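So the structure is just underneath, and the comments pick up after that.
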2 protein chains.
Amino acid sequence: MRNLTAVVADDHQLIRDGLVKLLNAYRGMEVVGEADNGISAVTLAKTHKPDLMTLDIAMPHAQGIAVYTEVRRWSPDTKIAVFSGITSVALMRDLYAAGAHGMFTKRSDISEFEQSIPILLKGGRVISADAAAMIDAATETTSLSAREQQILSLIANGQTTKTIAKTLGLSPKTVENHRSNIMSKLEVGSMAELLAYALREGLLDSQNQL
Amino acid sequence: MRNLTAVVADDHQLIRDGLVKLLNAYRGMEVVGEADNGISAVTLAKTHKPDLMTLDIAMPHAQGIAVYTEVRRWSPDTKIAVFSGITSVALMRDLYAAGAHGMFTKRSDISEFEQSIPILLKGGRVISADAAAMIDAATETTSLSAREQQILSLIANGQTTKTIAKTLGLSPKTVENHRSNIMSKLEVGSMAELLAYALREGLLDSQNQL
DNA sequence: CAAAACATAGGGGAAACTCCCTAATTGAAG
DNA sequence: CTTCAATTAGGGAGTTTCCCCTATGTTTTG
């Protein structure tokens with residue numbers, strides 16, 4: 001009796017194979033689709049509306065939280081277990097806030113995920129030990145306000161003070177003040193150090209893939 | 001008859017499982033050790049001196065080329081197939097220069113690796129299609145001179161024009177000119193973009209691995 | 001050898017950044 | 001209700017980038 005469906009999305013074939021095997025071994029569950037990029041992940045979610053979906057948040061063609069929210073939009077009842085290979089703390093934090101059901105890193109013990117399946121299917125939430133530790137560590141070091149984080153992210157994406165001011169509808173002087181506050185909070189003395197910090201913490205949107 | 005030995009080093013359990021299964025299925029081969037971090041990878045290489053070793057270059061405790069060279073030192077006859085999950089072009093280039101036998105990305109088709117095993121065992125070299133494309137793309141874009149690369153690296157590590165000038169014993173103006181040339185070569189228009197590029201390419205010393 | 005690339009160093013000006021202030025409004029915490 | 005943090009916005013001075021030049025000596029390459 002197979003009444004539970006699952007979709008596996010990951011661009012690493014080995015990981016995909018492992019997860020498919022694991023999910024197919026789960027009683028009553030069948031993997032009905034596999035995706036190796038963000039776009040087909042969303043498509044599969046739309047067509048199959050699976051009960052469970054594993055989602056890598058770093059795949060070609062569409063990255064990060066965008067894929068998550070798209071899947072969510074087209075199949076709101078699907079329970080989504082996010083697997084992050086890259087350890088982008090900011091992304092994890094966002095997904096946590098966006099309400100991902102499961103959060104695992106690819107370094108997590110796989111049995112952790114296996115044991116989580118029934119919980120996830122019931123609508124529960126599971127955050128693996130190492131993912132939780134990562135989020136904690138991040139939130140404690142990040143004493144930046146929401147606005148400051150937003151502006152830091154824009155800076156890290158190569159935007160200048162002026163363009164940031166324009167996109168946010170603020171005075172350039174305000175943006176400058178925020179940046180100044182960020183720098184004193186993070187104890188850095190130049191854009192270079194600030195950038196190094198920001199990029200280290202994974203605040204880049206697009207090109208952390210290469 | 002099992003006369004070939006192999007060691008699998010990868011911090012992702014799913015990947016490890018997949019590779020172990022694949023290698024054990026190879027005629028006459030047996031996986032005699034698994035490592036989930038750089039240190040135990042080196043230890044296993046030292047104790048087992050396997051014929052073949054798969055090596056992830058982004059693992060906890062010791063990263064990148066250091067692990068490769070250590071393995072090489074303790075077991076020079078072991079054929080090493082490098083798997084890179086993170087797409088650090090600089091690292092790939094270095095490993096290529098250091099003479100890694102096999103180079104695959106985790107996005108590679110696994111059959112590519114499977115078919116490569118006999119070639120690797122004979123001492124041949126195999127670079128998967130996508131890894132080769134990556135290296136080509138990198139070497140063609142990186143037209144920076146030695147001095148320019150050095151200065152870019154210093155910039156990426158948070159040094160200012162002045163301090164760079166002092167450490168290199170140059171005029172600040174010279175450093176500035178180099179930076180300017182770098183920026184026009186890389187087609188970026190600000191420190192922010194330059195930093196983004198540099199960090200992406202893995203020019204940071206310590207913490208580009210997070 | 002000649003040409004090209006590289007490394008060195010500087011002038012000058014517009015723009016951006018860095019750091020010192022003040023100050024009004026808002027919303028949350030005690 | 002009061003205090004505190006956050007957000008907004010600005011003044012002003014000094015420094016650094018950024019981008020345009022010129023110029024000389026060396027090294028590499030065709």
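Lettering follows sequence order; numbering is per chain, from 1. These numbers were taken from a predicted model, which means no experiment stands behind them.
When rounded to the nearest whole Å, the span between CD1 of A:Ile151 and C1' of D:dA6 equals 12 Å. Going from atom CG of A:Asn181 over to atom P of C:dC20 covers 12 Å, rounded to whole Å. For A:Ile182 and D:dT7, the CD1 to C1' distance is 13 Å, given to the nearest whole Å. Protein atom CD of A:Glu187 is 17 Å distant from nucleotide atom C1' of C:dT18, rounded to whole Å. In this entry the distance linking CD of B:Gln149 with P of C:dA7 reads 10 Å, nearest Å.
At distances below 3.5 Å, at least one donor-acceptor pair connects side-chain atoms of B:Thr163 with backbone N or O atoms of B:Thr160. Side chain of A:Gln159 to backbone of A:Leu154: no donor-acceptor contact under 3.5 angstrom is found. Side-chain atoms of B:Lys79 come within 3.5 Å of backbone N or O of B:Asp77 as a donor-acceptor pair. Looking at B:Asp51, its side chain does come within 3.5 Å of a backbone N or O of B:Thr5 through a donor-acceptor pair. Not a single donor-acceptor pair under 3.5 Å links the side chain of A:Glu148 to the backbone N or O of A:Ile182.
For the pair A:Leu23/A:Leu52, a side-chain contact is recorded, criterion being any heavy-atom separation below 4.5 Å from C-beta on. Annotation: side chain of A:Leu22 is in contact with side chain of A:Glu114 (closest heavy-atom distance under 4.5 Å). With contacts defined as side-chain heavy-atom distances shorter than 4.5 Å, the pair A:Thr174/A:Leu168 does not qualify.
Taken over five-pair windows at either terminus, the axes of the helix from C:dC1-D:dG30 to C:dG30-D:dC1 are inclined to one another by 50° (rounded to 10 degrees).
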* How does protein reach along nucleotides 12-29 of chain D, written 5' to 3' as B (base within reach of a heavy atom under 4.0 Å), S (only sugar-phosphate), or - (no contact)? -> B---SSBB----------

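Under the salt bridge (charged side-chain N to carboxylate O under 4.0 Å, His left out) criterion, B:Arg16 pairs with B:Glu34, not counting sequence neighbours. Scored by the salt bridge (charged side-chain N to carboxylate O under 4.0 Å, His left out) test, B:Lys173 finds B:Glu176 as partners (sequence neighbours excluded).
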Give me, pair by pair, the N or O atoms of the protein and of nucleotides 24-27 of chain C that are less than 3.5 Å apart, along with how far apart they are.
none

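For DNA chain C, no neighbouring residue in residues 165-172 of chain A is found when judged by any heavy atom under 4.0 Å.
Between B:Phe104 and B:Phe83, the ring planes lie parallel to each other; the angle is under 30°, not in the 30° to 60° tilted range.
Looking only at atom types and distance, the side chain of B:Ser40 has no donor-acceptor partner in the side chain of B:Thr43 under 3.5 Å away.
The heavy-atom pair separating B:Trp74 from B:Lys49 by the smallest distance is O-NZ, 2.8 Å.
Applying the 4.0 Å criterion to OP1 and OP2 of D:dA9, one finds that A:Thr174 has a side-chain N or O inside that range.
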